[in-house]
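Structure first, commentary second.
Residues: numbered from 1 along the sequence shown.
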Amino acid sequence: MSTPETTTARTAAQRTAHRRRYLMCRPEHFTVSYTINPWMEPARPTDTARALAQWQTLYDLYRELGHEVELIEPLAGYPDMVYTANGGFVIDGRAYVPKFRFVERAGEAPAFAEWFRAAGFDTVEPHEVNEGEGDFLLAGDTILAGSGFRSTDHSHREVGEVFGREVVSLKLVDPRFYHLDTALTVLDPVVAPGQTPGIAYLPGAFDAAGRAILEERFPDAIRVAEADGAVFGLNSASDGCNVIISPRATGFEAQLRERGYNPIMIDLSELLLGGGGIKCCTLELRGTEQA
Ligand code: ARG
């Protein structure tokens with residue numbers, strides 16, 4: 001019998017969780033004291049203890065799922081350092097250092113560079129403005145690169161040269177989704193060479209050219225509804241089976257289940273006051289040993 005249910009079950013059995021290595025930063029100094037994205041309202045109070053507790057649930061979950069989590073020491077005066085996705089872009093043991101768009105975060109870059117060096121990564125200093133894995137996502141062999149608000153088109157060329165990979169530029173047009181990782185998520189971090197990974201994205205966050213590219217390259221992608229995108233549903237982390245998402249993204253949760261993924265809900269509402277979510281708090285450290 002070929003009911004939709006049996007199809008789903010079959011798909012579910014095929015999803016494989018891959019052990020990841022991540023870099024995170026405890027939000028010890030988290031607050032919102034300036035505005036560099038539309039989510040940040042300094043007049044609205046923040047609760048650092050609550051941010052820490054919510055962040056801890058994400059950290060603990062990654063460990064329970066078998067992932068390795070490295071920590072970078074938080075710097076006083078850098079409340080956004082918890083968003084380690086912006087701390088670099090790492091493939092094959094090489095780390096491309098960020099150059100932040102706004103002066104408020106500029107001082108984080110040397111700290112991340114120092115961390116990469118100490119951890120033995122081949123550390124490459126940037127010439128161009130780029131915000132790391134906030135705007136660069138590895139999809140199979142290709143780097144998907146966001147522009148429009150933070151990382152520049154010049155950085156797309158630079159990141160391609162640094163890693164010797166194809167770069168596909170995608171222009172973001174909605175200020176709420178100012179980094180690529182707020183509008184698109186890669187669901188399969190590991191695929192066989194030449195295979196297209198599953199992705200999910202919010203079409204309205206991209207210009208017409210970007211939408212056309214995504215449709216052509218990822219015809220099977222999950223297209224997420226505006227309501228799920230607006231609660232940072234796409235700012236998620238996946239190991240190929242378990243997909244950590246916001247509990248508010250209920251439509252996306254159902255779409256993931258239909259495709260055989262295992263969505264797990266973690267609430268980072270306090271960190272959303274800074275305009276960041278699950279993926280923002282997570283930087284992938286891809287070593288030479290990982291496919
Ligand atoms: N307040 C931070 C900023 O505006 C949030 C960064 C979110 N990070 C991300 N990868 N989307 O830079």
Side-chain angles (χ1 to χ4, degrees), residues 20 22-25 27 30 32 36-40 51 54-55 57-59 61-62 65 67 69 80-89 98 105 131-139 144-146 148-151 170 172-189 197-206 214 221-240 242-253 255-256 261-284:
R20 316 310 301 149
Y22 293 137
L23 178 63
M24 297 181 75
C25 180
F30 175 75
V32 176
I36 56 171
N37 70 55
W39 305 83
M40 301 174 84
Q54 291 181 341
W55 178 94
T57 60
L58 180 63
Y59 174 88
L61 175 63
Y62 284 147
L65 292 173
H67 304 314
V69 186
D80 277 340
M81 197 166 164
V82 58
Y83 306 115
T84 52
N86 302 121
F89 186 51
R105 298 196 66 183
E131 299 202 346
E133 206 165 51
D135 276 323
F136 302 132
L137 295 172
L138 186 63
L144 302 180
F149 296 101
R150 301 292 181 90
S151 303
L170 299 166
L172 298 162
V173 293
D174 184 330
R176 290 173 300 164
F177 309 109
Y178 56 92
H179 277 138
L180 183 62
D181 73 358
T182 66
L184 187 149
T185 189
V186 177
L187 297 168
D188 302 316
I199 68 161
Y201 66 97
L202 177 66
F206 297 91
L214 290 169
I222 297 180
R223 277 167 227 177
V224 166
E226 161 71 27
D228 292 318
V231 292
F232 257 45
L234 284 160
N235 197 247
S236 60
S238 175
D239 63 16
N242 304 293
V243 188
I244 324 301
I245 64 166
S246 158
R248 291 175 190 78
T250 50
F252 185 34
E253 180 194 345
Q255 288 173 306
L256 287 167
Y261 294 99
N262 180 40
I264 304 176
M265 276 56 77
I266 292 278
D267 186 13
L268 295 188
S269 58
E270 197 62 31
L271 291 156
L272 189 56
L273 298 177
I278 291 157
K279 177 67 192 77
C280 301
C281 295
T282 311
L283 175 67
E284 279 242 29

Between D181 and Y83, is any side-chain donor less than 3.5 angstrom from a side-chain acceptor? no
Test log, rule side chain to side chain contact (heavy atoms under 4.5 Å, CB included), inputs M40 and N37: CA-CA 6 Å; M40 301 174 84; N37 70 55; 3.4 Å; yes
Do L184 and I199 have side-chain heavy atoms sitting under 4.5 Å apart? yes
Side chain to side chain contact (heavy atoms under 4.5 Å, CB included) evaluation trace for I266 with L61: CA-CA 9 Å; I266 292 278; L61 175 63; 3.7 Å; yes
Go through L214 and F206 one step at a time and tell me if the side chain to side chain contact (heavy atoms under 4.5 Å, CB included) criterion holds. CA-CA 9 Å; L214 290 169; F206 297 91; 3.9 Å; yes
Please report the shortest heavy-atom distance between D80 and R105, naming the atom on each side. O-NH2, 3.0 Å
Does any N or O in the side chain of D135 come within less than 3.5 Å of the main-chain N or O of H179, such that one atom is a donor and the other an acceptor? no
Just to verify, what does F252 make a ring pair (Phe, Tyr, Trp, His ring centres under 6.0 Å) with, not counting sequence neighbours? none
Can you tell me how far CD1 of I244 sits from NE2 of H67, rounded to the nearest 0.5 angstrom? 6.5 Å
Q54 side-chain N/O to S269 backbone N/O, donor-acceptor pair under 3.5 Å: yes
Aromatic ring proximity Y178/F149, centre distance under 6.0 Å: no
I need the minimum non-hydrogen distance between A183 and A205, along with the two atoms involved. CB-CB, 3.5 Å
Quick one: closest heavy-atom pair of P98 and G132, and the distance? CB-N, 4.3 Å
Any sub-3.5 Å donor-acceptor pair from S236's side-chain atoms to V243's backbone N or O? no
Regarding T282 and Y62, is there a side-chain donor-to-acceptor distance under 3.5 Å anywhere? yes
Tightest non-hydrogen contact, residues G277 and N235, listed as C-OD1, 2.9 Å
L170 side chain reached by L180 side chain, heavy atoms, under 4.5 Å: yes
What's the spacing between Y22 OH and E284 CD if we round to 0.5 Å? 5.0 Å
Check whether W55 reaches the backbone of L271 with its side chain - one donor and one acceptor, N or O, closer than 3.5 Å. no
Would you confirm whether S246, through its side chain, and G233, through its main-chain N or O, come within 3.5 Å as a donor-acceptor pair? no
Can you give me the closest heavy-atom contact between A230 and R176, atom names plus distance? CB-NH1, 3.9 Å
Checking L268 against L58 for the side chain to side chain contact (heavy atoms under 4.5 Å, CB included) test, could you report, in this order, the C-alpha distance in whole Å, the side-chain angles of both residues, the deciding distance, and whether it holds? CA-CA 8 Å; L268 295 188; L58 180 63; 4.1 Å; yes
Criterion side-chain hydrogen bond (donor to acceptor under 3.5 Å, both in side chains) against Y261, the qualifying member of D239, D188, N242: D188
Tightest non-hydrogen contact, residues F177 and G229, listed as CE2-O, 3.2 Å
Pair F232 and W39, ring centroids less than 6.0 Å apart: yes
Could you give me the CA-CA distance, side-chain angles and deciding distance for R248 and D267, then say whether salt bridge (charged side-chain N to carboxylate O under 4.0 Å, His left out) is met? CA-CA 8 Å; R248 291 175 190 78; D267 186 13; 3.1 Å; yes
How long is the straight-line distance from CG of L65 back to CZ of R20, given to the nearest 0.5 Å? 12.5 Å
For the pair S151 (side chain) and E131 (backbone), establish whether a donor and an acceptor sit closer than 3.5 Å, ignoring hydrogens and angles. yes
Supply the atom-to-atom distance S238 OG to I278 CD1, rounded to the nearest 0.5 angstrom. 11.5 Å
In Å, rounded to the nearest 0.5 Å, how long is the span from CD1 of I222 to CG of L187? 5.5 Å
Can you tell me how far apart CD1 (I245) and CG (D228) are? Round to the nearest 0.5 Å. 7.5 Å
